[in-house]
Amino acid sequence: MTDPPIDPATDPTADPAPDPTADSSADPSAHPRPQVRRETWTDLCGLWRFAFDDGDEGLARRWFESGKAEVFDRTIRVPYPPESKLSEVHDPSFHPVVWYERTFTAVPPPDGDRILLHFGAVDYSATVWVNGARVGGHEGGHTPFTFDVTEALRDGGEQTVVVRAEDLPTDASQPRGKQCRSPEPEGIFYDRTTGIWQPVWLETVPALHIAGLAWTSDLEVGTVQLELTLNRMPASPVELDVRLDLTGELLARQTVQVGEQTSHIVLTVPDLLGGRAGRLLWSPESPTLVDATLALQGGEQPGDEVFSYVGLRSVGIRDGLFLLNGRPYYLRMVLEQGFWPQSHLAAPDADALRREVELTKGLGFTGVRVHQKVEDPRFLYWCDRLGLLVWGEMANTFEYSTRAVDRLTREWTEAVRRDRSHPCIVCWVPLNESWGVPHIATSEQQRSFATALYHLTRAIDPTRPVISNDGWEHTDSDIWGVHDYTPRGASIQERYGSPEEIRRTLYGPGPGRHKVLLTEPEREGQPVVLTEFGGLSYLPGADDKWFGYSTVDSPEALRDRFGELVGAILDSPELAGFCYTQLTDTQQERNGLLTEDRTPKLPVEQIHEIVTRPSRAIPAEEVDAYRRATRQAQRQQQKPPGKETAP
């Protein structure tokens, strides 16, 4: 996992680049799938007719047929889950089967074009009908699916779509992450998210069209690789034109003949090998994105045109450090639950996703570990655009069984394939804290599953580090993530302050009643990262519903304890980074740096100062800090009187 040094590399102390999203007309974030966009699409979010089916009678009574107005006795606002306030249903009780119906206007397209119906995510199992005809089904609550509905359309203009979603609240074999299986949220588990919770939309495409794409870059040889998937094998080779542009400047262009359903195209980007490479590289400090346009000429029929983007960067590990673009990079992360009180796993609106990224960066963090959730692609877009590292994690099951293995493996594979083109994602985490593999310490079968997930993920995407089981009980992992909720900075110094202490922590009983490493492998450059720690909250009142790890009684005490814990980590020359628990309060889990409504509990500048202090693990950060301070002072001197520079 070692990358060659890249020179010149992006200077993390340089002045920030202009915001490329200032012109909203060039902003792709409004599209439900920002990395695979066409100019024209139809949003199907909004009010749908809705029904609970607690007796599971709908299939037998053929609710999917038109003219069932008496059945759909409620309305729901899609894409908010029915448990949430914004859905306008707001019923968090057990409802294992729900139905949706709405009409839309579409005319069967001419010239062989097709109409595609897209779903961002439906939790957990979905079946879809159009005008009473079943068009398909999908299992997996966090991953997208698409159906060609052309043949089901009527000649008339008004069409009806019906969705049945099944989400069994107590099924432990279903990947559900932090959704509670009890009637009420408790401990670290939150209200459920049932049914449609990401956008639904329509697209008209040519008969032969682009069905998927994946980008990777190789900085050492100066190339960008495109894996292109068509909806079917072309009858004869067709022409594909690919161009890469940076703010209107052409970086690379290639026209190739495509004769297979899946093709691999390599584009050479000369500037990656020259003295101007630094301006092209993506990082949190300089999140440069390269625009990509793909034009497919489908023979005699009109062609398909798709807009995308690429982030040119490399990630890896070496000598116990995480590498970004070939250089050591300290990980300053925070745990992101991706849960909102009024809309649950669904964001309240598209702007909330951007705001989440801005808030995180404003606090001084350079990354998030998205926890037990596969995030909305629009969130990942803002991480790409604004510069925030992401650890992609799967929502886990709560039992080990053949069915659970099958379900998690299929959905995780879909998630990795969906998100592997995002430059922001720098690590994959299929399992957390042995959830779904409770006997991994003694069961060879469960250890084999964790190891198999590691190798499966690396087989799909060899460009990123993979963690088999974050927190403890690792099998094979490229980064050794440790969860340690000590309330004292002195304990961190004792366990992680020297190579000898690190070794005792890794190979001994571990800080959380679990061994960190199940075997005693030789360390081959793996960084050690505290991937959960802190969990500080205010003392709860007598009647408060509360879960946390350590409490304080005032903002001043929170500042001091937070500073003590983060400072102890930064003082360790052996730790490659941290992930604080957590960004926001989430229902009864009250240990956020922000409240549920995203209000900071401390002045933002105080949190920022603590988080961004130089680390001993990368001595060059001290020089970086001096450069930043000097440039900040220079900018301050250039400001007209009365103008202040924001922290």
Side-chain angles (χ1 to χ4, degrees), residues 142 170-181 187-189 317 335 369-374 391-413 415-416 427-460 464-485 495 502-524 526-533 549 579 581:
H142 288 75
T170 60
D171 185 351
S173 72
Q174 180 179 307
R176 66 177 63 253
K178 299 194 75 170
Q179 299 182 54
C180 66
R181 290 184 292 146
I188 62 170
F189 298 101
I317 62 169
L335 202 67
R369 178 174 159 229
V370 175
H371 192 35
Q372 289 298 294
K373 176 188 183 185
V374 179
W391 284 22
E393 183 173 316
M394 181 57 190
N396 291 160
T397 66
F398 290 97
E399 70 173 24
Y400 185 83
S401 64
T402 302
R403 192 179 193 201
V405 166
D406 176 64
R407 285 175 151 183
L408 187 135
T409 302
R410 283 189 290 109
E411 191 169 354
W412 176 240
T413 300
V416 173
C427 183
W428 296 117
V429 184
L431 295 175
N432 168 72
E433 289 185 349
S434 304
W435 292 10
V437 284
H439 303 297
I440 191 172
T442 57
S443 168
E444 181 65 31
Q445 187 179 18
Q446 294 184 22
R447 287 199 298 274
S448 295
F449 179 47
T451 302
L453 284 171
Y454 166 85
H455 287 290
L456 173 65
T457 308
R458 291 292 306 276
I460 298 171
R464 294 171 172 89
V466 179
I467 296 177
S468 61
N469 182 26
D470 192 66
W472 51 65
E473 296 179 330
H474 290 259
T475 59
D476 287 359
S477 289
D478 298 315
I479 296 174
W480 289 339
V482 184
H483 296 179
D484 190 337
Y485 281 104
R495 288 196 275 272
I502 281 273
R503 184 172 180 83
R504 277 197 298 272
T505 300
L506 295 175
Y507 296 99
R513 297 193 180 93
H514 304 270
K515 286 178 66 67
V516 175
L517 304 176
L518 285 180
T519 60
E520 295 191 3
E522 286 298 318
R523 190 171 176 185
E524 297 179 346
Q526 289 95 333
V528 179
V529 179
L530 281 191
T531 46
E532 287 187 29
F533 78 102
Y549 298 91
C579 180
T581 302

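As the structure is a computational prediction, the values presented were derived from the model and not from experiment.
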Rounded to the nearest 0.5 Å, what separation is found between the [atom1] atom of [X] and the [atom2] atom of [Y]?
{"X": "S443", "Y": "Y400", "atom1": "OG", "atom2": "OH", "answer": "6.5 Å"}
{"X": "N469", "Y": "T451", "atom1": "CG", "atom2": "OG1", "answer": "9.5 Å"}
{"X": "E473", "Y": "E433", "atom1": "CD", "atom2": "CD", "answer": "10.0 Å"}
{"X": "R495", "Y": "R504", "atom1": "CZ", "atom2": "CZ", "answer": "11.5 Å"}
{"X": "T413", "Y": "L453", "atom1": "OG1", "atom2": "CG", "answer": "8.0 Å"}
{"X": "E444", "Y": "T442", "atom1": "CD", "atom2": "OG1", "answer": "10.5 Å"}

Looking at [Y], is its backbone amide N or carbonyl O close enough to the side chain of [X] to form a donor-acceptor pair, meaning the two atoms are under 3.5 Å apart?
{"X": "K515", "Y": "Y507", "value": "yes"}
{"X": "S477", "Y": "W480", "value": "no"}
{"X": "S468", "Y": "D476", "value": "yes"}
{"X": "R447", "Y": "A441", "value": "yes"}

Just so I know, are the side chains of [X] and [Y] near enough to count as touching, which here means a heavy-atom distance under 4.5 Å?
{"X": "T409", "Y": "F449", "answer": "yes"}
{"X": "E532", "Y": "N432", "answer": "yes"}
{"X": "H439", "Y": "Q445", "answer": "no"}
{"X": "N396", "Y": "L431", "answer": "yes"}
{"X": "F398", "Y": "F189", "answer": "yes"}
{"X": "H483", "Y": "H514", "answer": "no"}
{"X": "V529", "Y": "V482", "answer": "no"}
{"X": "P511", "Y": "V516", "answer": "yes"}

*asked:* Using the ring pair (Phe, Tyr, Trp, His ring centres under 6.0 Å) criterion, which residues pair with Y549? Sequence neighbours excluded.
replied: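 Expected list: Y485, F547.
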
*Run the side chain to side chain contact (heavy atoms under 4.5 Å, CB included) check on L518 and H474 step by step: do they pass?*
CA-CA 6 Å; L518 285 180; H474 290 259; over 6 Å; no

*D478/I467 under side chain to side chain contact (heavy atoms under 4.5 Å, CB included): CA gap, chis, key distance, verdict*: CA-CA 6 Å; D478 298 315; I467 296 177; over 6 Å; no

*May I have the step-by-step check of side chain to side chain contact (heavy atoms under 4.5 Å, CB included) for T475 and Y454, ending in yes or no?*
CA-CA 9 Å; T475 59; Y454 166 85; 5.5 Å; no

Report all side-chain donor-acceptor pairs from residues 401-408 shorter than 3.5 Å, counting only partners two or more places apart or in another chain.
{"from": "S401", "atom 1": "OG", "to": "E399", "atom 2": "OE2", "distance (Å)": "2.9"}
{"from": "S401", "atom 1": "OG", "to": "A404", "atom 2": "N", "distance (Å)": "3.1"}
{"from": "D406", "atom 1": "OD1", "to": "R410", "atom 2": "NE", "distance (Å)": "3.4"}
{"from": "D406", "atom 1": "OD2", "to": "R410", "atom 2": "NE", "distance (Å)": "3.1"}
{"from": "D406", "atom 1": "OD2", "to": "R410", "atom 2": "NH2", "distance (Å)": "3.1"}
{"from": "R407", "atom 1": "NE", "to": "Y124", "atom 2": "OH", "distance (Å)": "3.4"}
{"from": "R407", "atom 1": "NH1", "to": "D171", "atom 2": "OD2", "distance (Å)": "3.0"}
{"from": "R407", "atom 1": "NH1", "to": "S173", "atom 2": "OG", "distance (Å)": "3.0"}

Which heavy atom in [X] sits nearest to a heavy atom in [Y], and how many Å separate them?
{"X": "V466", "Y": "R458", "result": "CG2-CD, 3.4 Å"}
{"X": "Q446", "Y": "P438", "result": "OE1-N, 3.2 Å"}
{"X": "C427", "Y": "R464", "result": "N-CD, 4.3 Å"}
{"X": "H142", "Y": "E411", "result": "N-OE2, 2.8 Å"}
{"X": "P175", "Y": "A395", "result": "CB-O, 3.3 Å"}

_Is the distance between the ring centroids of W412 and W428 under 6.0 Å?_
yes

_W435 and H371 aromatic ring geometry - parallel, tilted or perpendicular at 30°/60° bounds_ =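 Ring orientation, 0 to 90° scale: tilted.
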
_Step-by-step salt bridge (charged side-chain N to carboxylate O under 4.0 Å, His left out) determination, R369 to E393_ = CA-CA 8 Å; R369 178 174 159 229; E393 183 173 316; 2.8 Å; yes

*In a check of side chain to side chain contact (heavy atoms under 4.5 Å, CB included) between D484 and each of T505, T531, L530, which one passes?*
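Answer after filtering T505, T531, L530: L530.
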
